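Only this structure's heavy atoms are used, side chains among them; waters, hydrogens and symmetry mates stay out. Just follow the structure's listing: the first ligand is 1, and inside any ligand the first atom is 1. What you see is a predicted model; the values in this text were computed from it and never measured.
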Amino acid sequence: MRDKVTSLIRNYDGTGRYFDRDAFDTLKSYFTSGTARIAAANVINANAANIVKQASNQLFDTVPELLRPGGYAYTTRRYSACVRDMDYYLRYASYALIAGNNDVLDERVLQGLRETYNSLGVPIGPTVVGIQIMKDLVKSMVADSGLEDTSFVDAPFDHLSAKLSDISV
Ligand SMILES: CCC1=C(C)/C(=C/C2=NC(=C\c3[nH]c(/C=C4\NC(=O)[C@H](C)[C@H]4CC)c(C)c3CCC(=O)O)/C(CCC(=O)O)=C2C)NC1=O
């Protein structure tokens with residue numbers, strides 16, 4: 001599992017190079033964005049239950065078939081599994097924001113997930129809709145907390161979405 005710094009070191013050590021200007025630019029942007037990334041993770045932590053609940057409700061409003069007989073959130077067991085999955089995505093997105101790197105998502109969340117969903121028949125499309133709804137909720141909360149530029153919040157949510165949909169990032 002890597003963060004921005006360890007992945008940079010790995011990359012430079014792999015070719016036996018000292019850090020160059022590009023490396024220092026990357027490091028500078030990682031450290032100067034640190035306060036904002038911590039603030040965003042803090043907003044997620046403080047509102048996690050609320051974000052998951054609101055996003056799930058919005059997802060079920062958008063794709064109501066999920067809750068109907070035959071739908072993949074029909075029955076309490078499936079409904080709970082879905083909401084739990086949303087919580088996983090949110091929690092791991094907060095880790096990735098702190099790391100400034102999506103490696104934790106590849107390693108801990110996405111490994112084999114598509115195959116698991118496909119074999120259980122859990123639809124990917126609505127899952128991605130749910131992830132994107134969480135992204136929008138988090139972004140608006142982060143904006144309300146006083147951060148002007150919230151674009152950095154997109155990365156982990158978009159990575160999860162793209163990898164689940166198997167679109168190259
Ligand atoms: C931390 C990393 C991690 C992830 C990501 C994870 C996901 C995950 N979700 C699962 C199930 C599931 N996931 C869903 C999800 C949904 N249903 C819907 O209608 C929506 C589209 C969607 C919610 C957004 C459902 C319904 C199941 C149960 C499927 C079944 O057993 O029939 C399963 C199968 C085992 C189980 O039921 O627990 C896994 C492994 N597990 C992990 O350890």
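Applying the 6.0 Å contact sphere to CZ of R84 captures more than 12 heavy atoms from other residues, nucleotides or ligands.
Near ligand 1, heavy-atom contacts under 4.0 Å come from L59, L66, Y72, A73, R77, R78, A81, C82, R84, D85, M86, Y88, Y89, Y92, R108, V109, L113, T116, Y117, L120, V122, P123, P126, T127.
Between Y79 and Y74, the gap from one ring centroid to the other reaches at least 6.0 Å.
Hydrophobic cluster membership for I38: I98 (Ile, Leu, Val, Met, Phe, Trp, Tyr linked by side-chain heavy atoms under 4.5 Å, directly or transitively).
Note: K139 NZ to F157 CZ = 10.0 Å, rounded to the nearest 0.5 Å.
Contact check for I131 versus L164: side-chain heavy atoms found under the 4.5 Å cut-off.
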Using side-chain contact (heavy atoms from CB on, under 4.5 Å), reason through F24 and L8 one step at a time and then give a plain yes or no. CA-CA 10 Å; F24 284 114; L8 194 72; over 6 Å; no

